[in-house]
Amino acid sequence: MTTPPPIENVSVLHRTGQWCPGRRIGEVVAYDVRILPEYQVPGRPTVDRSYLLLDQGIQLTRPVVFEGPVEGWWYVDLVEIERTEAGLVVHDLYVDLLIPPRAERYHVLDLDELADALSGGQITAAQCATVLSRTQRFIDRHLRGTEKGSVDPPHQFPPASIAELEPLPCFLEQTPRTGMQPGT
């Protein structure tokens with residue numbers, strides 16, 4: 001019997017500029033981010049949990065601010081993850097997916113932003129090709145089911161790899177071993 005990998009404390013730099021506390025098991029990271037006041041919805045939680053699939057360049061979030069027809073949907077970002085001494089820095093790679101709870105369909109978003117980034121010189125052709133390949137691999141692996149190489153049962157979303165980290169309590173309210181104060 002193999003021993004499961006340990007849970008490690010990590011810090012993740014979110015696109016809002018916040019360093020966020022998180023936990024890592026193998027190639028999966030969960031981290032919590034405070035929703036900026038201008039995006040908060042009265043009566044809703046003020047913290048989102050995001051997951052990074054390090055080996056796939058994927059970030060998943062079920063935004064607590066989603067209301068109405070998109071409530072409970074997942075937002076998936078294609079990302080590049082930079083490892084620094086301070087922690088993980090997440091760089092958005094423009095393409096996103098919007099996935100409803102039952103994952104019987106999905107929406108690919110922002111391909112125009114990817115094209116604009118390529119045309120404007122913000123990314124190289126090689127980076128663009130990587131984003132497109134990762135997008136297709138993610139769809140094949142997690143959304144299309146057994147007909148095209150899924151490692152999860154058909155239409156199982158979110159990926160099974162985040163299951164161990166999902167039930168953990170909010171990291172912003174715990175004091176990690178690093179000595180940081182809660183919320184820092």
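Computed from a predicted structure; not experimentally measured.
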State, yes or no, whether a side-chain contact exists between [X] and [Y] at a heavy-atom distance under 4.5 Å.
X	Y	answer
Leu88	Arg83	yes
Leu132	Leu114	yes
Arg23	Glu164	no
Leu52	Tyr31	yes
Ile58	Val76	yes
Arg15	Asp77	yes
Val131	Ile123	no
Leu60	Tyr75	no

In this structure, would [X] and [Y] fall into the same cluster of hydrophobic residues linked by side-chain contacts under 4.5 Å?
X	Y	result
Val90	Leu36	no
Leu168	Leu53	yes
Tyr106	Leu111	yes
Tyr39	Val47	no

Item checked: Listed partners of Gln122 passing side-chain contact (heavy atoms from CB on, under 4.5 Å), at least two apart -> Tyr94, Ala117
Checklist line | Set of side-chain contact (heavy atoms from CB on, under 4.5 Å) partners for Leu13, sequence neighbours left out | finding: Trp19, Val89
Which atom pair, heavy atoms only, marks the closest approach of [X] to [Y]?
X	Y	result
Ile99	Arg105	CG2-O, 4.3 Å
Ser11	Ala86	CB-O, 3.7 Å
Arg134	Leu93	NH1-CD1, 3.7 Å
Pro63	Trp73	CD-O, 3.7 Å
Arg62	Gly72	CD-O, 3.5 Å
Leu54	Gly26	CD1-O, 4.4 Å

Check: Among Ile162, Val33, Asp32, whose side chain to side chain contact (heavy atoms under 4.5 Å, CB included) with Arg49 holds?
Finding: Asp32
Next item on the list: Can you spot which of Val41, Val70, Thr46 makes a side chain to side chain contact (heavy atoms under 4.5 Å, CB included) with Val65?
Entry: Val41
Notebook entry, point to check: Can you check whether Thr124's main-chain N or O pairs, donor with acceptor, with Gln127's side chain at less than 3.5 Å?
Noted result: yes
Checklist line | Chi angles and distances behind the side chain to side chain contact (heavy atoms under 4.5 Å, CB included) call for Thr16, Arg34 | finding: CA-CA 9 Å; Thr16 59; Arg34 289 193 194 287; over 6 Å; no
Check: Between Trp74 and Tyr51, how do the two ring planes meet: parallel, tilted or perpendicular, split at 30° and 60°?
Finding: tilted
Margin query: Determine whether Asp48 and Ile35 satisfy the following criterion, side chain to side chain contact (heavy atoms under 4.5 Å, CB included), listing intermediate values before the conclusion.
Written below: CA-CA 7 Å; Asp48 266 331; Ile35 299 168; 3.9 Å; yes
Next item on the list: Could you check Leu143 against Leu97 for side chain to side chain contact (heavy atoms under 4.5 Å, CB included), going step by step and ending with a plain yes or no?
Entry: CA-CA 11 Å; Leu143 300 174; Leu97 291 99; 4.2 Å; yes
Check: Are more than 12 heavy atoms from other residues, nucleotides or ligands located less than 6.0 Å from atom CD of Glu85?
Finding: no
Margin query: His91: which residues meet the ring pair (Phe, Tyr, Trp, His ring centres under 6.0 Å) condition with it, sequence neighbours left out?
Written below: none
Note to self: To the closest 0.5 Å, what do you measure between OG1 (Thr61) and CZ (Phe66)?
What the structure shows: 9.0 Å
